[in-house]
Amino acid sequence: MRTRVCGWRWRRSPLRRRSDVVEAWTVLVAAVLILAGAPLVGAAAARWAHGEARAVSLQQRAERHAVRAEVTGERSRSLPSVQSGGERAYRTTVRWPEPGQGTRTATARVPAGTRQGDVVEVWFDAHGRNVPPPVDGSAVRQHTLAMGTCAAGGAVLLVLLAHGVVRRVALSRRLAEWERAWARTEPEWTHRRA
């Protein structure tokens, strides 16, 4: 015959200790927190991150403007290349017509492989400084997903850490209870007196 072991911590038994009951309840609470709490934490963090990233994107769109500029200079040997959005970019001189002000010239980042005479899109801020393009929708979604996933994962790790601490304390208490019980039982078995 096979003995039923599943759920033994919930049933009345002379072998069941108080630490067994605490550990069983801890497992139940940890499971509920992992299955229900962590996704809620992740969703809340993702919602917050989406709002923040969207606000940054809208602010950048309001502060920056794009111009179609013609590359007039050669790639500068003295200015280093920079990584811009996963592709290499170089600083060079560009020129574009400014309505009501004539032609403007500035140094801007252009994609690698751009030649003199090519027309490229460059972004400038309100002070006329060359800046990267504003954050787009896919970057906002990636940020949202990353923050939500990290928050949910962090919540799971925190619950598992707390569960591990409770199990460790329950184990030490269980061992102490067993030691006390053995101290009472040992003299009867070994015929020694304490």
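The residues of the chain are indexed from 1 along the displayed sequence. These figures come from a predicted structure and were not determined experimentally.
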When you measure from the side chain of [X] to the backbone N and O of [Y], does any donor-acceptor pair fall under 3.5 Å?
X	Y	value
E98	T103	no
R64	P132	yes
S172	V169	yes
D125	N130	no

Is there a side-chain contact between [X] and [Y] in this structure, where contact means two heavy atoms from C-beta onward sitting under 4.5 Å apart?
X	Y	value
V140	H50	yes
L161	L157	no
T92	T114	no
P133	E121	no
V166	E23	no
R68	W96	no
E52	V56	no

In one Ile/Leu/Val/Met/Phe/Trp/Tyr side-chain cluster, 4.5 Å: V67, W123:
no

Please answer: with hydrophobic residues joined when any side-chain heavy atoms are less than 4.5 Å apart, are V21 and L28 in the same cluster?
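Hydrophobic grouping puts V21 with L28.
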
For T105 and E70, what are the C-alpha separation, side-chain angles and deciding distance, and is it a side-chain contact (heavy atoms from CB on, under 4.5 Å)?
CA-CA 10 Å; T105 304; E70 177 186 357; over 6 Å; no

Which heavy atom of [X] sits nearest a heavy atom of [Y], and at what distance?
X	Y	answer
V122	A69	CG2-CB, 4.0 Å
P134	Q60	CA-OE1, 3.3 Å
A53	H143	CB-CD2, 3.7 Å
R61	V135	NH2-O, 3.8 Å
G113	D118	O-OD2, 4.5 Å
V156	A38	CG2-CB, 3.6 Å

In terms of relative ring orientation, are F124 and H65 parallel, tilted or perpendicular, with 30° and 60° separating the classes?
tilted

Atom [atom1] in [X], atom [atom2] in [Y]: separation rounded to 0.5 Å?
X	Y	atom1	atom2	result
R141	R54	CZ	CZ	10.0 Å
E188	E186	CD	CD	11.0 Å
H163	L158	NE2	CG	13.5 Å

After noting the C-alpha distance and the side-chain angles of I34 and L160, does the key distance pass the side-chain contact (heavy atoms from CB on, under 4.5 Å) rule?
CA-CA 8 Å; I34 287 172; L160 290 176; 3.6 Å; yes

